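Throughout, protein chains are lettered first and strands after them, A, B, ... in sequence-line order, and every chain is numbered starting at 1. On a predicted model such as this, the values are computed, not experimentally measured, just so you know.
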There are 2 protein chains.
Amino acid sequence: MRLSSLTDYAVVLLSAAARHCGGLARMNATRLAEETGVPLPTAQKLVSRLAAAGLIDSTRGTGGGIRLSRPPATITLADIIEAVEGPIAMTACVDAGHHDCGIAGNCRVKPHWNAVNRAVRGALAGVTLATLAAEAAAPEMMKVEA
Amino acid sequence: MRLSSLTDYAVVLLSAAARHCGGLARMNATRLAEETGVPLPTAQKLVSRLAAAGLIDSTRGTGGGIRLSRPPATITLADIIEAVEGPIAMTACVDAGHHDCGIAGNCRVKPHWNAVNRAVRGALAGVTLATLAAEAAAPEMMKVEA
DNA sequence: GGCAATCGGAACGAATCGGTCTGATTTGAG
DNA sequence: CTCAAATCAGACCGATTCGTTCCGATTGCC
């Protein structure tokens with residue numbers, strides 16, 4: 001129940017991009033890496049995936065770079081996670097294409113997984129990049145959940 | 001963003017246990033494995049973890065077995081996930097004891113992760129074992145989210 | 001006191017994830 | 001028009017984690 005560190009990096013990179021003129025200015029992966037501390041090769045890899053998912057527009061060549069393809073308020077955490085890790089499927093049952101579950105017919109829990117899936121995805125879709133890029137959080141958010 | 005297959009198995013096992021006399025009758029790992037299709041060694045391992053987490057009471061020796069330590073309605077999906085996978089921490093930042101994040105001070109996203117964490121955990125805590133063990137789901141729940 | 005059955009922990013193998021390197025493509029200057 | 005610099009894009013390799021399997025410790029019955 002932990003999202004990969006690549007996803008964490010992706011959020012950091014996108015937040016940094018969003019903070020620069022609201023993401024309208026053209027950035028490149030190298031500068032984003034320097035600014036955030038994310039290793040450059042990793043940042044390049046993430047840029048590729050995010051571009052493939054349509055979250056950012058990338059332009060090659062000298063003077064090229066990347067840019068958010070949508071306003072930060074319309075990019076949700078669920079979008080970012082799906083772009084980096086693939087579809088949000090809590091169990092293999094839910095993921096289309098994986099029907100090799102040994103339990104199969106006996107599994108009486110399977111019908112409930114989709115509801116769980118939607119609940120989690122809904123929670124993630126409620127967080128936008130605009131929120132994540134905000135400078136300071138409310139004090140209550142600073143408290144570490146023990 | 002997918003919970004491990006062990007967690008999936010744990011939910012199946014606990015649901016099966018809950019269905020037998022509301023979990024009051026004493027079951028053993030072998031029978032649960034036969035009934036659900038979960039491999040026996042895996043079921044045994046899960047029983048150990050669930051017992052260590054206090055979700056079930058286990059008794060060794062001939063005629064021993066396991067039993068839910070609480071009513072199914074008071075056991076949430078979040079409890080099961082934490083028992084099998086450990087604390088629900090979406091990022092390494094949130095998990096206490098892991099402070100080796102290379103970004104550290106520069107990371108302006110970190111304050112927001114706890115809020116995300118609580119949102120996801122809240123969604124999981126809203127699903128109880130009693131719900132998961134119910135025989136049939138509403139028709140809308142059967143629809144696969146493409 | 002011996003035996004059988006059960007849970008509990010430790011070791012092995014496999015798969016996925018993260019990081020690095022090299023190549024293809026485009027723009028700008030000369 | 002040609003060359004060169006800069007950028008994104010894809011392929012390879014090592015490392016960590018996950019899942020499985022096997023063996024030992026403990027308990028109750030005979």
Side-chain angles (χ1 to χ4, degrees), chain A residues 1-13 17 26-34 37-69 81 83-87 89 91-92 95 98 100-103, chain B residues 1-10 12-13 17 26-34 37-67 69 81 83-87 89 91-92 95 98 100-103:
Chain A
M1 198 57 212
R2 183 178 296 177
L3 39 81
S4 71
S5 60
L6 278 182
T7 308
D8 195 356
Y9 286 156
V11 172
V12 172
L13 290 175
R26 184 154 286 177
M27 292 285 294
N28 58 31
T30 303
R31 188 173 167 197
L32 278 179
E34 290 174 354
V38 175
L40 177 57
T42 301
Q44 289 181 343
K45 190 177 189 58
L46 285 172
V47 164
S48 300
R49 290 197 196 181
L50 294 173
L55 295 183
I56 60 178
D57 290 327
S58 64
T59 308
R60 290 205 271 195
T62 308
I66 61 174
R67 185 180 50 181
L68 293 181
S69 60
I81 292 176
V84 177
E85 302 187 9
T91 60
D95 192 1
H98 290 74
D100 52 355
C101 180
I103 301 178
Chain B
M1 200 54 214
R2 181 179 297 179
L3 40 82
S4 70
S5 60
L6 278 182
T7 308
D8 194 355
Y9 285 157
V12 172
L13 290 175
R26 185 155 285 175
M27 292 285 293
N28 58 30
T30 304
R31 187 174 168 195
L32 279 179
E34 290 174 353
V38 175
L40 176 58
T42 301
Q44 289 180 342
K45 189 176 190 56
L46 285 172
V47 164
S48 301
R49 291 197 197 181
L50 294 173
L55 294 183
I56 60 177
D57 291 327
S58 64
T59 308
R60 290 206 270 195
T62 308
I66 60 175
R67 186 180 50 183
S69 60
I81 292 175
V84 177
E85 302 187 10
T91 61
D95 192 0
H98 290 75
D100 52 354
C101 179
I103 301 179

Send over the distance from [X] [atom1] to [N] [atom2], rounded to a whole Å.
X      : N       : atom1 : atom2 : answer
L50(A) : dG10(D) : CG    : P     : 13 Å
Q44(B) : dA10(C) : CD    : C1'   : 14 Å
L46(B) : dC18(D) : CG    : P     : 14 Å
L3(A)  : dT16(C) : CG    : C1'   : 16 Å
Y9(B)  : dG19(D) : OH    : P     : 9 Å
R60(A) : dT25(C) : CZ    : P     : 7 Å
K45(A) : dC8(D)  : NZ    : P     : 15 Å
E34(B) : dA5(C)  : CD    : P     : 14 Å

Short side-chain to backbone donor-acceptor contact, [X] and [Y], under 3.5 Å:
X      : Y      : result
R67(B) : D57(B) : no
E85(B) : T7(B)  : no
Q44(B) : A29(B) : no
R2(A)  : A89(B) : yes

Is the shortest side-chain N/O distance from S48(B) to OP1 or OP2 of dG9(C) below 4.0 Å? no
Any S5(B) side-chain N or O less than 4.0 Å from OP1/OP2 of dC18(D):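 No, because none of the side-chain N or O atoms of S5(B) sits under 4.0 Å from OP1 or OP2 of dC18(D).
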From dT20(D), dT26(D), dG18(C), pick the nucleotide closest to the side chain of T42(B)? dT20(D)
Look at the side chain of S58(A) and decide which nucleotide, out of dT21(D), dC8(D), dG19(C), has an atom nearest to it.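 Out of dT21(D), dC8(D), dG19(C), the nucleotide with an atom closest to S58(A)'s side chain is dC8(D).
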Need to verify one output field. Residue with the more 5' nearest nucleotide on DNA chain D, T62(A) or T59(A)? T62(A)
Contact class for A29(A) (heavy atom, under 4.0 Å): base, sugar-phosphate, or nothing? sugar-phosphate
Interatomic distance, L50(A) atom CG to I66(A) atom CD1 [nearest 0.5 angstrom]: 8.0 Å
